[in-house]
Amino acid sequence: MEKMNGAEILLESLLKEGVDTVFGYPGGAVLPIYDALYKHKLKHILVRHEQGGVHAADGYARATGKPGVSIVTSGPGATNTVTGIATAYMDSIPMVVFTGQVPTALIGNDAFQEADIVGITRPCTKHNYLVKDVKDLTRIIKEAFYIATTGRPGPVLVDLPKDVLTAEYEFSYPKKVDIPSYQPTYKGHKGQIKKAMDLIVKSKRPVIYAGGGAVLSNAAAELTKLARKLKIPVTNTLMGLGSFPGTDPLFMGMLGMHGTYTANMAIQSTDCLIAVGARFDDRVTGKIDEFAPHARIIHIDIDPTSISKNVTVDIPIVGDVKEVLKELHAAIPKGANFTKYISEMKNWDKQVEKWEKTHSLSVKQGKNERIKPQYVVERLYHLTKGDAIITTEVGQNQMWAAQFYKYDKPRTFLTSGGLGTMGYGFPAAIGAQVAFPNKTVIDIAGDGSIQMNIQELATAVECKLPVKVAILNNRFLGMVRQWQELFYDKRYSYTCLGKKPDFVKIAEAYGGVGLRAEKVADVDKIIKKALSINDRPVFMDFVVDPKEDVYPMVPAGQPLSKMLLV
Amino acid sequence: MRHTISVLVTNEFGVLSRISGLFSGRGFNIESLCVAETMDPKVSRMTIVSSGDNKIIEQITKQLNKLVSVIKVHDLTGEEYLKRELVLIKVHAAPDHRSEILNIVEIFRAQVVDVGANTYTIEITGDEEKILAITELLRPFGVKELVRTGRVAMARSIKRKENK
Ligand SMILES: Cc1ncc(C[n+]2csc(CCOP(=O)(O)OP(=O)(O)O)c2C)c(N)n1
C-alpha cells in the first residue's frame, strides 16, 4: 500500500467522507496540512478569523445538512474556534474541526502556541480526540464524522500534533465504525407511538410545537403531512422555522418570548402538546410551571436527556423525528374515530383564527416616517419572493427576521439560537453561499453584531461571494437597549453605538458594494440593486428608527399568557 | 437521596475529566468517585456516589449515557448491592491505650498494618456504618490521619424478594 504522511492521509480521508469544501486558516502547526492542500482538489476557503471559519462551516452545514469542516492551527487558532464550536454545539450542528497541536513530545510543556484545546472544548463538543499516533488517524476521522452526523448531531474536534501530520503510514480508510458505547436510537417505541396517537385523536385542542430537531432530521415533509392530515395547528421555535411552511394556514408563527399572540395563546390552552425535536428552552416556555398548563405532553426527541429535563412529559418517544413522524402517520386510525376527531378540529380552528384576528404581526410604515426595521425585513421577503437563505445576527434583528420573513422550506433560516452568538450571521452566510453559489443569501444584521466578524468581507470579496448583508442600523445594541428601556428605567448604560462606522465605506474599502437607505423610498431601491449584484458582497445600510422594539414580548420568567403586545 | 451509580467507561485518556466535567458543568454533586480498570484493560469501572431528587438522578444517568466514552450506566440504588470502602486510620497509641485499641480492632475485624513509636495505622474495610462506628470509637485516642477510598459497589447475584 502507498505510504502518505498524516496530512495527506487527512485530506484523503476528507475526500472519502464526501467533503468538498473546508474553511480554514493556516499556522505553524498545520503547515503540513497546508502543504498537502497546495493544488489539491479539496476546496479551501481562506477566512480572515478562525471564529469566522467555524461559523462558515456551520452555515454550510445548516444549509446543506452535510457536516461542516474547519482546519485551524494550534494555540490561538484553536482557542479562536471555541465560540464557533459552542454555537454549533448548542444548536446540534454536525461539524468536524481539525486543530493543529504542538508535537506530541512537547505536549504539556507550555510549548510555543500550545493550548489544551481538547480540555477546553470538552464541554462544548459532542466528542473530541487527540491523535497520538498516525496509525489511529483514519479510524479517528471516521469516528469523528460518524459521531458528528448521527444521533443528535454536534461538533467533534480532532487535535492533530505536528509530528502525527508528518509521520508516514499506509492509507486505508475504514469502511465501518465500531463504537460499542455509542448507539443512538432511531426507531420510536411501537407502544409509545400507539399511545401518542390515541391521545392525539382524543384531544380537542392539539398543538404541534416543532423545533430544530425537525430541521436536523430532515423531517419537514413528514411533519407537514402529519399536521395537515390531522389538521393540527403548528408553532415553531426559532430553530424550527422552515420545518413547516410559514405560509400554510395551519402555521401560527413562532412561540415563546417573542412569539406570536396566537402561538402563545394556543400553547396556554392546548390539551395535547406534541413537541417535535424541541427542548423546552426557557426562551420558549417562559415561567415553566405555567407552560401549557392544560396539556398532556408528547415529546419526540432523539436525545433522551432532552426528555423530562425541563418539563415532565406524559408520553416520551425517543427516536429520530423523521422516523417517528412516519410511524405516527401510519398509526392514524381510520373510520368513525378519525371522523369524530376531525369534526372537533373545526372549533379549534375557529378559536385559533379568532386569536389571529385579535392580534397578528404587522408593520405600519408611513411614507414620511423613519424606516422601520420590521418594514425592511418585510420588503426583503417580498422582493426575494421568500426564496432566499436568511442568516441572522443576534438581537432585535434576529427576532424581526424570525417574525417578518416567512420560511417555507427548511434550511433557509440559519441563526444562532442556543448560544445567541453575535457575529454568527455573516460568516454563516458565507458558508451557505459557498454551498449554494446561485442562491440569494442574506444576513439580516444589527450594527453591533456585524462588527463582530466584519473582517470576513475580505473572504467574500476574494471568493466572489455575492452575500448580502442587511444592516438594520439603529445605532444601538438594540435588544439590550430594549431591556434597559423596559426593565431598567431607561438607563441606557453603554448600549449606544453612535453613528460610526460608515458601513458603506467599509464595504467599499474591502472591495464590496455599499448601499444606504435613509428614506422609506430608498428601501426597495437598494434591495433591488443589491439583489442584482452577483459577483461580490453587498452591505445595505438601512438607517432605521432606533426606538423600535420587538413585540410581542413575554418578560423573562413570566408565563406565556403575560404578553406585552404594543 | 443518595445514589450509587456504577459506570463502565472506555479506558482512555481524558475519560475521568469527561465524567467529572459533566458533573461540575451541570451542577450535579459527587460525594465520592472511584475508578480502576476492569478485567478487560480497555474498560474501566467508576463507582460514583451522588445525591439529588429523582429528576436530577434521571438526568445524571441520561447525561452519563450520552457521553461517547460511556459504555453502561447502572444505578444500583433501590436494588440489593454490596458496598465497601477501605479506610486507613492513623491513631495515637500511647502505651497504656494500646490493648484497648487492639481490642476495638479485633471486634471490627480490622487490622493494624503499621506501628510507629506512638501510633498504630489501622486498615478497615466495610460499609459506611461500620467505618463510622470504628472512627467514633478511635476518635478519643486521637486520630492523626484518615484516608478513605470512597465507595465501590456491586450488585448482588441473588436478589432477595423485596417485601414492602
Ligand atoms: C458575542 C455576544 N456578546 C454579547 C451578546 C449580548 N447581546 C445580545 S443582543 C445584543 C445587542 C445586539 O446589537 P445589534 O447587533 O446592534 O442588534 P440589534 O439588537 O440592535 O438588532 C447583545 C450585546 C451576545 N448575544 N453575543
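In what follows, chains are A, B, ... by sequence order, proteins preceding strands, each numbered from 1.
Interface remark: A:Asp116 contributes no atoms to any contact with chain B (heavy atom separation under 4.5 Å). For a residue to count as touching a neighbouring chain, one of its non-hydrogen atoms must lie under 4.5 Å from one of that chain's; by this rule A:Asn128 touches chain B with backbone and side chain alike. A:Ile307 touches chain B through backbone and side chain together, each having a heavy atom under 4.5 Å away.
Of all residues in residues 150-161 of chain A, those placing a non-hydrogen atom less than 4.5 angstrom from a non-hydrogen atom of chain B are A:Arg152. Using a 4.5 Å heavy-atom cut-off against chain B, the contacting residues of residues 181-189 of chain A are A:Ser181, A:Tyr182. Inspection of non-hydrogen atoms places B:Lys55, B:Glu58, B:Gln59, B:Lys62, B:Gln63, B:Lys66, B:Leu67, B:Val68, B:Ser69, B:Val70, B:Ile71 of residues 48-71 of chain B under 4.5 Å from chain A. By a heavy-atom distance cut of under 4.5 Å, not one residue of residues 107-139 of chain B is near chain A.
Summarising the local packing, NZ of B:Lys90 is surrounded by 12 or fewer heavy atoms from other residues, nucleotides or ligands at distances under 6.0 Å.
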Check step by step if side-chain contact (heavy atoms from CB on, under 4.5 Å) holds for B:Leu22 and A:Arg122.
CA-CA 9 Å; B:Leu22 168 68; A:Arg122 211 169 269 136; over 6 Å; no
